[in-house]
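Here is the structure we will look at.
For the numbers below, each heavy atom of this structure counts, side chains included, while hydrogens, waters and symmetry mates do not.
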Amino acid sequence: MTNNKITRFQPSPKATVCHKNNCFTVYGQAAELIQAIAIATTLVIAVSLVVKTLK
């Protein structure tokens, strides 16, 4: 009997933040936080544009 195991590589979250010519990459929980902030900011902008359009 052969024991076939499938190993899956789970990459850690990664986010790159840039301002002008300065960029840095963060990993792990800091990257998750930055991604959450980016998503929340995008949602706020989208909602405000919809509200502005409806006025």
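Closest non-hydrogen pair, A15 versus A31, comes out as N-CB, 3.6 Å. Annotation for K14 and Q35: closest pair O-NE2, 3.2 Å, computed over non-hydrogen atoms.
Residues in residues 20-32 take part in these side-chain hydrogen bond (donor to acceptor under 3.5 Å, both in side chains) pairs, two or more places apart or across chains: T16-T25.
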Which donor-acceptor pairs under 3.5 Å do the side chains of residues 41-53 make with protein atoms, sequence neighbours left out?
from	atom 1	to	atom 2	distance (Å)
T41	OG1	I37	O	2.8
T42	OG1	A38	O	2.8
S48	OG	V44	O	3.3
S48	OG	I45	O	2.8
T53	OG1	L49	O	2.7

